[in-house]
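Residue numbering restarts at 1 for every chain, and letters A, B, ... go by the order of the sequence lines.
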There are 2 protein chains.
Amino acid sequence: MRKQDSTNARNEASILRNCGMAYALNVIGGRWKPTILFSLLEGKMRYNELRKTIPGVSERMLVAQLRELEEHGLVRRNVFPEVPPRVEYELTELGHSTEPMLQCMSDWGNMHRKKEQVIAVQ
Amino acid sequence: MRKQDSTNARNEASILRNCGMAYALNVIGGRWKPTILFSLLEGKMRYNELRKTIPGVSERMLVAQLRELEEHGLVRRNVFPEVPPRVEYELTELGHSTEPMLQCMSDWGNMHRKKEQVIAVQ
DNA sequence: ACGCATACTTACCTTTTTGTTAGTACTTAA
DNA sequence: TTAAGTACTAACAAAAAGGTAAGTATGCGT
């Protein structure tokens, strides 16, 4: 839970209001969101599929990050009234609109990593 | 200080190895780095200038994030042997190479924020 | 009656990030 | 001799993020 009156929370809020990039980081940042987003760019997936696709996520974290993505309107959660239950996650239009940004970050990250490796190897 | 053997640290490390985007987030993420980077895109700045330009940063945080940016090779720190001391921070070539990515994130963030406002007003 | 499968939820704990406060070194100007 | 300016550093505290383990609901097959 968040403390609304901490300096920490106030600093975050004021930056989110003033800086689009910080805002973007808030929406797509976090330990597991990049991986989730890249998975969903391939197409819709069920909860357990995601869990198997993403090595290392705990259930708590996976659910939490999916919920945040949903709150921010990037992901749609479709529940089918079946037993055993079936829940599919897919990107919304807004979710798909992040693709160029994600690609940009991914490319930059990969380039930068390669540079580091080259330096390390020399 | 980091615990190298925590699950937390291991998860982070393995994601950084496999996902360029997570890697990029690691380099440009954090509460104050977006603001610092945008400030330095305008040109070199002294420590106190940065501090005055960025409302709300504590000295500890400003120094910490500048050091991380330096470690990752995005920022160069120039110390002039004068009294009172003068230290100038500027982006390296690698730092400047982040500009398209930063712009992309900033644009997406601003667009997304506007959408939320429109929804809130309706 | 019992276990299985799915998609979670809950309580609790550890790790990491961020913030607060006070202090350092050096020289010049009043 | 004392304060001011610059660019920090260190010790400590609070908040947020992340991880662990156990439990929930439902209906089907055996």
Side-chain angles (χ1 to χ4, degrees), chain A residues 1-16 22 25-36 44-70 75 77-89, chain B residues 1-16 22 25-36 44-70 75 77-89:
Chain A
M1 249 178 274
R2 301 214 123 206
K3 291 219 172 177
Q4 293 303 325
D5 59 345
S6 64
T7 305
N8 193 332
R10 274 197 308 276
N11 276 341
E12 190 182 8
S14 92
I15 284 182
L16 292 182
L25 282 175
N26 186 244
V27 173
I28 60 168
R31 170 78 41 88
W32 303 102
K33 279 184 200 156
T35 318
I36 294 174
K44 59 176 65 166
M45 290 183 96
R46 295 181 62 174
Y47 174 80
N48 263 356
E49 281 183 283
L50 279 168
R51 205 158 61 82
K52 282 166 200 159
T53 304
I54 302 171
V57 227
S58 66
E59 312 234 8
R60 193 176 102 67
M61 276 298 112
L62 181 54
V63 172
Q65 308 240 24
L66 283 169
R67 291 282 183 282
E68 281 182 38
L69 289 169
E70 204 190 343
V75 161
R77 179 169 172 267
N78 294 315
V79 183
F80 297 85
E82 304 172 0
V83 170
R86 181 156 64 103
V87 179
E88 283 178 357
Y89 291 92
Chain B
M1 250 178 272
R2 302 213 124 207
K3 290 219 171 176
Q4 293 303 325
D5 58 345
S6 65
T7 306
N8 194 333
R10 274 196 308 275
N11 275 342
E12 191 183 8
S14 92
I15 284 180
L16 292 183
L25 281 174
N26 186 244
V27 173
I28 60 168
R31 170 77 40 87
W32 304 103
K33 280 185 200 156
T35 318
I36 294 174
K44 58 178 66 166
M45 291 182 95
R46 294 181 64 172
Y47 174 80
N48 264 356
E49 280 183 284
L50 279 169
R51 204 157 62 82
K52 281 165 201 159
T53 303
I54 303 172
V57 227
S58 65
E59 311 235 6
R60 192 175 105 65
M61 275 298 111
L62 181 54
V63 172
Q65 307 239 28
L66 283 168
R67 290 284 183 281
E68 281 181 39
L69 289 169
E70 205 191 342
V75 161
R77 180 168 171 266
N78 293 316
V79 183
F80 297 84
E82 304 173 1
V83 169
R86 180 155 65 102
V87 179
E88 282 179 356
Y89 290 91

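Note on B/Asn48: every side-chain N or O is 4.0 Å or more away from OP1 and OP2 of D/dG5. Between B/Arg10 and D/dG18 there is no side-chain N or O to OP1 or OP2 distance below 4.0 Å. Between D/dA7 and B/Arg46, a contact under 4.0 Å exists linking OP1 or OP2 to a side-chain N or O.
Each of A/Glu59 and B/Glu68 has a nearest nucleotide on DNA chain C; the 5'-most of these lies closest to A/Glu59. The nearest heavy atom of DNA chain C to A/Lys52 and to A/Arg67 marks one nucleotide each, and the one closer to the 5' end goes with A/Lys52.
Atom P of nucleotide C/dT18 and atom CG of A/Asn26 are separated by 12 Å, given to the nearest angstrom. Atom CG of A/Leu66 and atom P of C/dT9 are 11 Å apart (whole Å). As rounded to whole Å, 18 Å separates atom P of D/dA14 from atom CZ of B/Arg31. Following rounding to the nearest Å, B/Glu49 (CD) and D/dC8 (C1') show an atom-to-atom distance of 16 Å. Here the P atom of nucleotide C/dT6 and the CZ atom of A/Arg77 are 16 Å apart, to the nearest Å.
Axis angle between the ends of the helix from C/dA1-D/dT30 to C/dA30-D/dT1, five pairs each and rounded to 10 degrees, works out to 30°.
By the 4.5 Å heavy-atom criterion applied to side chains, A/Arg67 and A/Val75 are not counted as neighbours. Residues A/Leu25 and B/Pro34 form a side-chain contact, since some pair of their non-hydrogen atoms from C-beta on lies under 4.5 Å apart. Side-chain contact between A/Asn26 and A/Ile15 is absent, with no heavy atoms from C-beta onward closer than 4.5 Å. Counting heavy atoms from C-beta on, the side chains of B/Tyr89 and B/Leu66 come closer than 4.5 Å.
In this structure B/Arg31 satisfies the side-chain hydrogen bond (donor to acceptor under 3.5 Å, both in side chains) test together with A/Asn8, sequence neighbours excluded. Residues satisfying the side-chain hydrogen bond (donor to acceptor under 3.5 Å, both in side chains) criterion with A/Glu88, sequence neighbours excluded, are A/Arg86.
The only option from B/Leu69, B/Ile54, B/Leu50 that meets the side chain to side chain contact (heavy atoms under 4.5 Å, CB included) definition with B/Trp32 turns out to be B/Ile54.
Here the shortest heavy-atom pairing between B/Lys33 and B/Ile28 reads CB-O, 3.5 Å.
For A/Val63, the side-chain atoms get nearest to C/dC8 when compared with the rest of C/dT6, D/dG19, C/dC8.
Applying the side-chain hydrogen bond (donor to acceptor under 3.5 Å, both in side chains) test to every pair with at least one member in residues 52-66 of chain A, sequence neighbours left out, gives these pairs: A/Tyr47-A/Glu59.
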Nucleotides 10-15 of chain C: which of its N/O atoms have a protein N/O under 3.5 Å away?
from: C/dT15; atom 1: OP2; to: B/Lys3; atom 2: NZ; distance (Å): 3.4
from: C/dT15; atom 1: O3'; to: B/Ser6; atom 2: OG; distance (Å): 3.4

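Of the residues in residues 81-89 of chain B, those with a non-hydrogen atom less than 4.0 angstrom from any atom of DNA chain C are B/Val83.
Across all strands, B/Arg51 comes closer than 4.0 Å to no nucleic acid atom at all (heavy-atom distances).
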